[in-house]
Chemist: 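The structure that follows is given in the form of structure tokens.
Chain naming here is simple, since letters A, B, ... match the order of the sequence lines and numbering starts at 1 in each.
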Amino acid sequence: MQIATWNVNSLRVRLVQLLEWLAANSPDIVALQETKVTDGDFPVAQLEAAGYRALFNGQKSYNGVAILARAPLSEPALAIPDFEDPQRRVLAASCDGLRIVNLYVPNGQEVASDKYEYKLRWLRALQVWLRAELVRYPRLVVLGDFNVAPEDRDVHDPAAWIGSVLVSEPERAALRGLMELGLNDVFRRFEQPPQSYSWWDYRAGSFRRNNGLRIDLVLASAALAERCTACRIDRGPRSLERASDHAPVVASFEI
DNA sequence: ATGGTGGGCAGCCCA
């Protein structure tokens, strides 16, 4: 079973790329972030024709998440419990005996900004929720755009990035807090090419220079992590004309 | 150091 995550940065703009990528890769479950479409505008029919059911949690202009799956999706959750948040950044569902939690973690903009404090509060509330989810659902996958590079090896130029948003120590500590619940970054269970990243800024030729960060993650509970057989970043879609600034990440499980 | 690009929606917000 293949489970993927992809920040598409506008589903409207990226729909054709997504459909072609689905046809070429046939993942079983796909978590999308930054769909930027309201639920009424979600392209249900096109995805259904491609063989995918969909759950979505969208808003106008910003954010928005969706889960696509070949098998039925059930038990949707649209928010972190007991955390007031008008931004649509969370979508959880059960599928094929797994619990999938799709996240678009706040970017944080700049260390010490209001958006940064919101990001840290958001991650704390997320940790409380995921602790409970792990009790309810031992087969848990938490994936998406985490907007945090876990370690310096996930950063193209750690010296230049030190202390910045996406790599700052409080953000990394919050991410470690999630992992210490028993969620494994499955990408690091396998040998990977050096300088593996999942996001490259649109500016300054970042992709061409491979000036990226690895901020799109697939975390799996212990019971699932041991069944993970591969995890790779697919740079293909990032090299297309009019690409998203993120590449898809695909994890394979023997289930 | 700044600003470089891209998406959304209407001159600026967000990444």
Side-chain angles (χ1 to χ4, degrees), chain A residues 5-21 30-43 46 56-66 84-91 102-123 126 143-150 154-168 170-172 174-175 197-217 233-249:
Chain A
T5 178
W6 191 7
N7 179 325
V8 291
N9 186 18
S10 172
L11 183 53
R12 218 186 313 272
V13 171
R14 232 63 69 189
L15 182 59
V16 170
Q17 288 183 23
L18 173 64
L19 292 171
E20 287 176 357
W21 190 80
V30 184
L32 302 176
Q33 303 86 36
E34 282 203 271
T35 54
K36 298 184 176 178
V37 290
T38 56
D39 293 348
D41 286 337
F42 197 88
Q46 291 97 318
F56 33 89
N57 185 20
Q59 69 179 83
K60 194 175 166 67
S61 309
Y62 302 116
N63 308 309
V65 285
E84 198 64 43
D85 189 2
Q87 303 188 23
R88 302 298 196 223
R89 297 179 171 278
V90 167
L91 179 58
N102 177 16
L103 303 176
Y104 175 44
V105 176
N107 172 281
Q109 191 169 60
E110 192 178 349
V111 170
S113 66
D114 287 350
K115 290 195 177 76
Y116 182 80
E117 297 305 325
Y118 160 66
K119 179 180 194 173
L120 294 181
R121 280 191 288 112
W122 197 96
L123 286 167
L126 175 67
L143 77 174
D145 178 357
F146 283 72
N147 268 317
V148 182
D154 302 309
V155 180
H156 70 92
D157 185 349
W161 277 84
I162 194 165
S164 303
V165 74
L166 310 185
V167 308
S168 75
E171 294 168 76
R172 285 180 166 174
L175 179 58
Y197 309 122
S198 66
W199 168 82
W200 301 261
D201 198 300
Y202 282 122
R203 296 166 287 190
S206 297
F207 182 65
R208 183 171 49 78
R209 301 163 195 260
N210 196 29
N211 288 344
L213 302 180
R214 191 176 69 93
I215 57 177
D216 300 273
L217 310 177
I233 296 168
D234 183 359
R235 296 164 52 99
R238 183 63 180 83
S239 65
L240 298 174
E241 285 294 314
R242 240 190 154 189
S244 167
D245 46 350
H246 295 253
V249 182

Chemist: Please give the distance between the P atoms of B/dA1 and B/dC12 as a whole number of Å.
Modeler: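 Result for the P pair: 27 Å, nearest Å.
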Chemist: Distance only, no hydrogens: is a donor on one side chain within 3.5 Å (strictly under) of an acceptor on the other, for A/Trp122 and A/Asp85?
Modeler: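 There is such a pair between these side chains.
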Chemist: Just by distance, no angles: are the side chains of A/Asn63 and A/Arg89 close enough, under 3.5 Å, to form a donor-acceptor pair?
Modeler: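 A pair is found: one side chain offers a donor N or O, the other an acceptor, under 3.5 Å apart.
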Chemist: Using whole Å, report how far CG of A/Leu240 lies from P of B/dG7.
Modeler: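 Those two atoms, CG and P, are 13 Å apart.
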Chemist: Does OP1 or OP2 of B/dG7 have a side-chain N or O of A/Arg242 closer than 4.0 Å?
Modeler: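 Indeed, a polar side-chain atom of A/Arg242 lies that close.
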Chemist: Counting side-chain heavy atoms from C-beta on, which of B/dT5, B/dC14, B/dC9 comes nearest to A/Arg12?
Modeler: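 Closest nucleotide to the A/Arg12 side chain: B/dC9.
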Chemist: Does A/Lys115 put a side-chain nitrogen or oxygen below 4.0 Å from OP1 or OP2 of B/dC14?
Modeler: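 A/Lys115 to B/dC14 OP1/OP2: side-chain N or O found under 4.0 Å.
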Chemist: Among side-chain atoms of A/Trp21 and A/Asp234, is any donor-acceptor pair under 3.5 angstrom?
Modeler: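 Judged by distance alone, the side chains do pair up.
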Chemist: B/dC9 and B/dT5: how far apart are their P atoms, nearest whole angstrom?
Modeler: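 Rounded to whole Å, the distance is 22 Å.
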Chemist: Can you tell me which nucleotide in B/dC14, B/dC9, B/dA15 comes closest to the side chain of A/Arg89?
Modeler: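 Within the option list, the nearest is B/dA15.
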Chemist: Say you pick atom P in B/dG6 and the same atom in B/dT2; how far apart are they, in whole Å?
Modeler: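 Pairwise P distance, B/dG6 against B/dT2, rounds to 23 Å.
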Chemist: Taking CD from A/Gln59 and P from B/dC13, how many angstroms apart are they, rounded to a whole number?
Modeler: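 It works out to 17 Å between those atoms.
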Chemist: Between A/Asn211 and A/Trp200, does any side-chain donor sit less than 3.5 Å from a side-chain acceptor?
Modeler: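 No, because no side-chain N or O of A/Asn211 sits under 3.5 Å from a partner of the opposite role on A/Trp200.
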Chemist: A/Lys60 has an atom NZ; how far is it from atom P of B/dC14, in whole Å?
Modeler: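 Rounding to the nearest Å, NZ of A/Lys60 and P of B/dC14 are 15 Å apart.
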Chemist: Between A/Gln87 and A/Arg14, which residue's closest nucleotide on DNA chain B lies nearer the 5′ terminus?
Modeler: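 Residue closer to the 5' terminus by nearest nucleotide: A/Arg14.
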Chemist: Hey, is the side chain of A/Arg203 poking within less than 4.0 Å of OP1 or OP2 on B/dT2, counting only N and O atoms?
Modeler: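 Answer is no, no contact under 4.0 Å.
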Chemist: Starting from P on B/dC13, measure out to CG on A/Asn107 and report it in whole angstrom.
Modeler: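 So the CG-P distance, A/Asn107 to B/dC13, works out to 16 Å.
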Chemist: Using heavy atoms to find the nearest nucleotide of DNA chain B for A/Asp245 and A/Ala204 separately, return the residue whose nucleotide is more 5′.
Modeler: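 With A/Asp245 and A/Ala204 compared, the 5'-side residue is A/Ala204.
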